[in-house]
Enquirer: 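Have a look at the structure that comes next, please.
In this chain, numbering begins with 1 at the start of the sequence shown. Note that this is a predicted model, so its numbers are computed, not measured.
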Amino acid sequence: MTEQDKKSLAIVGSRTPSPYGFKTASDFSRDLVSEGFTVISGLARGKVFAIPGNINSLKSGGTNRLIQDGNAKLVMNVADILIEFKIVPKSNPDPAPVIQLSDLSMFEEKIYTTIGFEPLHIDQISSLTGLNISECLINLLQLEFKGLVRQQPGKNFVRI
């Protein structure tokens with residue numbers, strides 16, 4: 001085993017992750033690499049950490065059961081993993097941008113607070129906000145430019 005391989009972690013998840021799962025795995029991978037870890041996809045055994053999933057999602061059942069049964073340690077951020085390995089962080093990762101709702105227009109705020117991390121169709125957004133589809137699309141585009149939402153296939157939108 002090379003010195004570089006000593007700091008390696010596997011990331012395992014669903015083959016069809018939710019937007020939340022995809023974002024979380026991407027964020028953890030990025031932050032672990034910045035700490036000098038080699039990130040391996042799959043084939044985990046051993047250093048088991050688990051990020052809790054949505055209790056209403058069948059895809060989260062396995063992960064949540066591992067935590068519940070005491071077979072995995074619940075982690076909410078990379079710092080939790082570093083603490084387990086007694087590693088002092090090399091760097092302070094850039095914190096996620098804090099959304100100041102006061103920086104958004106009234107319509108952007110209304111739409112942003114309606115959208116979550118699960119895809120929401122433009123028709124649902126329109127219905128929930130009381131805005132017509134054209135108004136929603138214009139403001140969703142602005143939210144995309146600000147890096148706050150992402151459009152997915154089929155006119156579905158999610159928070160980033």
Side-chain angles (χ1 to χ4, degrees), residues 7-44 47-68 71-85 87 89-105 107-126 128-129 136-160:
K7 279 180 70 176
S8 60
L9 285 173
I11 294 183
V12 180
S14 170
R15 292 185 189 273
T16 55
S18 67
Y20 164 79
F22 184 81
K23 180 182 182 335
T24 303
S26 297
D27 291 348
F28 267 67
S29 297
R30 180 196 63 233
D31 292 347
L32 286 165
V33 167
S34 74
E35 291 295 334
F37 279 84
T38 299
V39 176
I40 303 162
S41 176
L43 301 175
K47 310 172 244 194
V48 177
F49 299 106
I51 300 166
N54 182 335
I55 62 169
N56 297 309
S57 171
L58 292 176
K59 292 179 183 179
S60 300
T63 300
N64 291 343
R65 180 73 58 205
L66 283 170
I67 295 168
Q68 186 178 45
N71 295 318
K73 179 168 178 62
L74 185 149
V75 295
M76 297 190 311
N77 53 48
V78 170
D80 292 340
I81 295 170
L82 298 178
I83 289 168
E84 281 296 307
F85 289 113
I87 296 174
K90 284 184 181 178
S91 61
N92 291 328
D94 293 332
V98 177
I99 306 308
Q100 298 295 329
L101 294 180
S102 60
D103 293 340
L104 303 178
S105 74
F107 299 119
E108 290 170 344
E109 179 182 347
K110 192 173 210 176
I111 292 169
Y112 182 76
T113 57
T114 300
I115 295 175
F117 294 103
E118 294 297 321
L120 195 60
H121 190 268
I122 185 66
D123 292 340
Q124 293 170 295
I125 296 169
S126 176
L128 291 168
T129 61
C136 286
L137 288 171
I138 290 168
N139 287 287
L140 283 163
L141 182 61
Q142 292 301 317
L143 290 169
E144 281 188 89
F145 287 149
K146 293 178 180 181
L148 301 176
V149 300
R150 177 181 302 128
Q151 183 173 344
Q152 295 189 324
K155 293 287 186 208
N156 289 294
F157 294 84
V158 294
R159 275 192 190 187
I160 297 178

Enquirer: Can you find a pair of side-chain heavy atoms, one from Thr38 and one from Val33, that are under 4.5 Å apart?
Expert: no
Enquirer: So which heavy atom on Thr113 is nearest to which on Arg159, and how close?
Expert: CA-NH2, 3.6 Å
Enquirer: The test is side-chain contact (heavy atoms from CB on, under 4.5 Å); show your working for Asn139 and Leu104 and say whether it passes.
Expert: CA-CA 10 Å; Asn139 287 287; Leu104 303 178; over 6 Å; no
Enquirer: So do Leu32 and Leu9 actually touch side chain to side chain, heavy atoms under 4.5 Å?
Expert: yes
Enquirer: Does the side chain of Ser105 come within less than 4.5 Å of Gln142's, by heavy atoms?
Expert: no
Enquirer: About how many Å separate CG of Asn156 and CG of Asp123, when rounded to the nearest 0.5 Å?
Expert: 9.5 Å
Enquirer: Applying side chain to side chain contact (heavy atoms under 4.5 Å, CB included), name anything that partners Thr129, two or more places apart in sequence or on another chain.
Expert: Lys110, Ile111, Thr114, Ile125, Leu131, Cys136
Enquirer: Can you sort out the partners of Lys155 under side chain to side chain donor-acceptor pair (under 3.5 Å), two or more places apart, ordered by chain and number?
Expert: none
Enquirer: Mind checking what makes side chain to side chain donor-acceptor pair (under 3.5 Å) contact with Asp27, not counting sequence neighbours?
Expert: Lys23, Arg30
Enquirer: Please determine whether the number of non-hydrogen atoms from other residues, nucleotides or ligands lying under 6.0 Å from atom OH of Tyr20 exceeds 12.
Expert: yes
Enquirer: Is it true that the NZ or CZ of Lys73 lies under 6.0 Å from the centre of Phe49's six-membered ring and within 45 degrees of the ring axis?
Expert: no
Enquirer: Holding to side chain to side chain contact (heavy atoms under 4.5 Å, CB included), I want the full list of residues that pass it with Phe28, two or more places apart in sequence or in another chain.
Expert: Thr24, Ile51, Val75, Val78, Ile81
Enquirer: Lys59: what forms a salt bridge (charged side-chain N to carboxylate O under 4.0 Å, His left out) with it, not counting sequence neighbours?
Expert: none
Enquirer: Should Leu140 and Tyr112 count as side-chain neighbours, where that means a heavy-atom distance under 4.5 Å?
Expert: no
Enquirer: Would you mind writing out the side-chain donor-acceptor pairs for residues 144-153 within the sub-3.5 Å range, not counting sequence neighbours?
Expert:
| from | atom 1 | to | atom 2 | distance (Å) |
| --- | --- | --- | --- | --- |
| Lys146 | NZ | Glu108 | OE1 | 2.8 |
| Lys146 | NZ | Glu108 | OE2 | 3.4 |

Enquirer: Heavy-atom distance under 4.5 Å between the side chains of Phe157 and Leu137, does that happen here?
Expert: yes
Enquirer: Between Ser60 and Ile55, is any pair of side-chain heavy atoms under 4.5 Å apart?
Expert: no
Enquirer: Could you tell me whether a side-chain N or O of Asn64 sits under 3.5 Å from a main-chain N or O of Gly53, the two making a donor and an acceptor?
Expert: yes
Enquirer: Checking Asp80 now: which residues fulfil salt bridge (charged side-chain N to carboxylate O under 4.0 Å, His left out) with it, not counting sequence neighbours?
Expert: none
Enquirer: Identify, with sequence neighbours excluded, every residue that meets side chain to side chain contact (heavy atoms under 4.5 Å, CB included) alongside Ser26.
Expert: Phe22
Enquirer: Can you name the salt bridge (charged side-chain N to carboxylate O under 4.0 Å, His left out) partners of Glu118, sequence neighbours left out?
Expert: none
